[in-house]
Amino acid sequence: MLEGCTPWPQDVAARYRDDGHWRGESLVDLLDTAVTAYGSRTALVQDDVRITYTELGLRTRRAAAGFRARGIEAGDRVVVQLPNGPEFVIVCFALFRLGALPVFALPAHRSQEITHLCAQSGAVGYVFPRSHHGFDHTALARRVRDEVTGLKHLFMSGKGKPADGDMVPLAEVDADPVELPAPGPADVAFFLLSGGTTALPKLIPRTHDDYVYQTRAARAAGPVDGGDVYLAVLPVEFNFTWGCPGIVGTLAVGGTVVLAQDPTPERCFPLIEQEGVTFTSVVPSVLQLWLEAAEWHDADLGSLHFLQVGSAKLYPEVAARVEPAFGCRLQQVFGMAEGLLTFTRESDAADTVLTTQGRPVSPADEIRIVDEEGRTLPAGGIGELLARGPYTLRGYYRAPEHNGRSFTDDGFYRSGDLARLTPEGNLVIEGRIKDVIIRGGDKVSAAEVEGHLLALSSVARAAVVPYPDEYLGERTCAFLVPVDRPPVLAEIKVALEQRGLAAYKLPDRVAIVAELPLTGLGKTDKKVLAAIARGERVPASTAFLPVAAAVHAAVPDAG
Ligand code: AMP
């Protein structure tokens, strides 16, 4: 395995192979098998572009040869940041063919994140769009190139010649196919990003074996087959969209993947009707928009068999509206880029589908619910969810110190989520321990935003907490102790944007306080702040009342 990654112990890997979970198949094999079996079927659709399996196979071969001719080699890391479209799929499979490793960046990422991803992965290449949603990515690429030594290759997608001579148009990454050594099934295929607690995202190595298996297990739990048409609504770089079973799982069985550039019902509902979409995956905030639109939109959504909803908490009252609104089944999904996936199933009772996040997709998934001391709780107890299994990582890339905290000695991943298991073995997510705001499906690390706030000359101290929001589930409130004149929200947003922070990480509210409340151990008391941000009265007995009073005055005006 690539240096800096943590392999599964040999005996465990052997068991996963013996039990038929890991079949020695790479993602390249997965695509080539599909190309042979389903050549003339439509693999990818975007607007007027329709790509058959045969064409997809050929284009990935040509792009692989093109990347090689431009100097990308096996083992190289390449950060890929592209909007939803066939190009993302072609670039990734081309890199898989080469044995080069895509690092999945989100379209919303800006210089902070991209610089970090390039540096942390040791990337030699960066693939980006000329511009997206009005943002000039070439300027971003220039900045990253200047900051990251070792980043040599810039590939720009989009029409026209790039302004800079050293940026290569993606369309010119094309050459006659060449024979390439196949990547090994145990090799790392690509990197997903953690939505975790550290200041910047950690890299999650996913091997061919583990990801091919994940998509197969998720497909069986769907279920999804060659007759299915999947609509990729959320960013393609999300694990949810890419492989739960998503794009990869659908392509493996000869289905069709339709790519939507944005998740609005105005864009997606007509696509569902035109393309006969049978399933898709959304976050609860997108679901809310769709539920509202279903009341007036006249598109025929009758082709939908099921709708996967996950990545953030789905309330039972909202869940109950899915079937009446869309005439299709709801599938709740708990997932994480680190691995473990749980789904509700077609055969589940209605109550299970509405109130739980279902069962693991693999019989080899191991779940433990533990207390603060790491002891397994009695059945039904609420504690931290730990996971281990054939597609759950054993370590982040190049993060030995963090790995020491994130994994138990026997290899379980500590999710930071609070959960319980029902007597039937269904998982219910009850909250979380980790310091993350789940804003829509986007994960915002409080530590990251606090670090940027503290770097501003106007801010002496900062703490970031979630507050509830009808649409996004949660939004971000920044409690600030000012140095002098209290900054207003707009100033803070502009300053953080200038620091290159992605828009979804900017605070939605700012509350100015004289001091931050502290716990008995002298740490910022985020429980108190979160309660205040929720609009709760803090008991008069706490020492924080003056702060609470100040905040109550500040919060309503600040947004
Ligand atoms: P990511 O790796 O970005 O997909 O984030 C994974 C995290 O999202 C999990 O650890 C949970 O905190 C959260 N999450 C995912 N699915 C759900 C769900 N169905 N309900 C509540 N939280 C979820």
Side-chain angles (χ1 to χ4, degrees), residues 104-109 113 190-198 200-206 211 214 218 221 234-244 246 281-287 307-316 318-319 322 330-344 352-361 365 367 369 382-387 391-393 396 406-407 412-422 426-446 448 466 468 472-474 502 504-505:
F104 287 14
L106 299 181
H109 282 162
E113 294 88 8
F190 63 100
F191 291 94
L192 292 173
L193 309 185
S194 75
T197 51
T198 44
L200 283 162
K202 296 177 297 301
L203 298 173
I204 299 167
R206 300 299 306 251
Y211 213 73
Q214 171 179 306
L234 302 172
V236 279
E237 296 86 352
F238 276 169
N239 185 42
F240 199 9
T241 321
W242 183 238
C244 299
S281 39
V282 297
V283 292
S285 53
V286 169
L287 174 65
L307 182 64
Q308 294 182 305
V309 182
S311 201
K313 183 163 181 62
L314 177 64
Y315 291 93
V318 182
V322 169
L330 165 70
Q331 180 168 62
Q332 288 219 43
V333 171
F334 168 83
M336 50 196 192
E338 282 81 359
L340 178 70
L341 295 178
T342 69
F343 288 9
T344 56
T352 304
V353 175
L354 298 185
T355 61
T356 83
Q357 282 67 58
R359 286 173 285 121
V361 298
D365 281 321
I367 281 183
I369 308 285
I382 298 176
E384 185 176 14
L385 167 69
L386 309 186
Y391 59 95
T392 297
L393 88 173
Y396 293 103
S406 296
F407 295 84
F412 277 85
Y413 169 65
R414 297 184 212 270
S415 71
D417 291 307
L418 285 174
R420 67 180 163 89
L421 288 169
T422 66
N426 288 295
L427 188 73
V428 180
I429 300 297
E430 295 281 0
R432 63 186 169 271
I433 308 162
K434 58 191 175 190
D435 202 0
V436 167
I437 294 106
I438 302 188
R439 193 180 181 282
D442 290 318
K443 313 295 181 313
V444 181
S445 151
E448 178 182 9
L472 293 176
E474 291 178 353
Y504 67 88
K505 297 179 183 172

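Start at 1 and go down the list; that is how both ligands and their atoms are numbered. Computation of the quantities below employed the complete heavy-atom set of this structure, encompassing side-chain atoms and omitting hydrogens, waters and symmetry-equivalent molecules.
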If you measure every N/O of K443 against every N/O of ligand 1, is any gap under 3.5 Å?
yes
Any N or O of K434 that comes nearer than 3.5 Å to an N or O of ligand 1?
yes
Heavy atoms, side chains only, cut-off 4.5 Å: are R206 and Y391 in contact?
yes
pair N239-Y211: side-chain heavy atoms closer than 4.5 Å:
yes
Out of the candidates L287, V283, V286, only one should pair with V309 under the side-chain contact (heavy atoms from CB on, under 4.5 Å) rule; please name it.
L287
[X] near ligand 1, heavy-atom distance under 4.0 Å?
X: Q332; result: no
X: R432; result: no
X: I438; result: yes

Salt bridge E474-R432, side-chain N to carboxylate O under 4.0 Å:
yes
Give a yes or no on whether a salt bridge exists between E384 and R414, defined as a side-chain N under 4.0 angstrom from a carboxylate O.
no
Between the main-chain N or O of E448 and the side-chain N or O of K505, is there a donor-acceptor pair closer than 3.5 Å?
no
Give me the nearest non-hydrogen protein atom to [atom] as residue plus atom name, then the distance to 0.1 Å.
atom: atom 18 (C) of ligand 1; answer: A312 O, 3.5 Å
atom: atom 2 (O) of ligand 1; answer: A337 N, 2.9 Å
atom: atom 15 (C) of ligand 1; answer: G335 O, 3.1 Å
atom: atom 12 (O) of ligand 1; answer: D417 OD1, 2.5 Å

Please round to the nearest 0.5 Å and tell me the distance separating atom CG of L385 and atom CG of L418.
9.5 Å
Does Q357 approach ligand 1 within less than 4.0 angstrom via side chain, backbone, both or neither, non-hydrogen atoms only?
side chain
Over 60° means perpendicular and under 30° means parallel, so classify the ring planes of F104 and F190, tilted if in between.
parallel
Among P284, C244, S311, which residue places a heavy atom closest to atom 23 (C) of ligand 1?
S311
Atoms of ligand 1 under 4.0 Å from any heavy atom of V333, numbered from 1 in the order shown, are 16 (N), 18 (C), 19 (N)
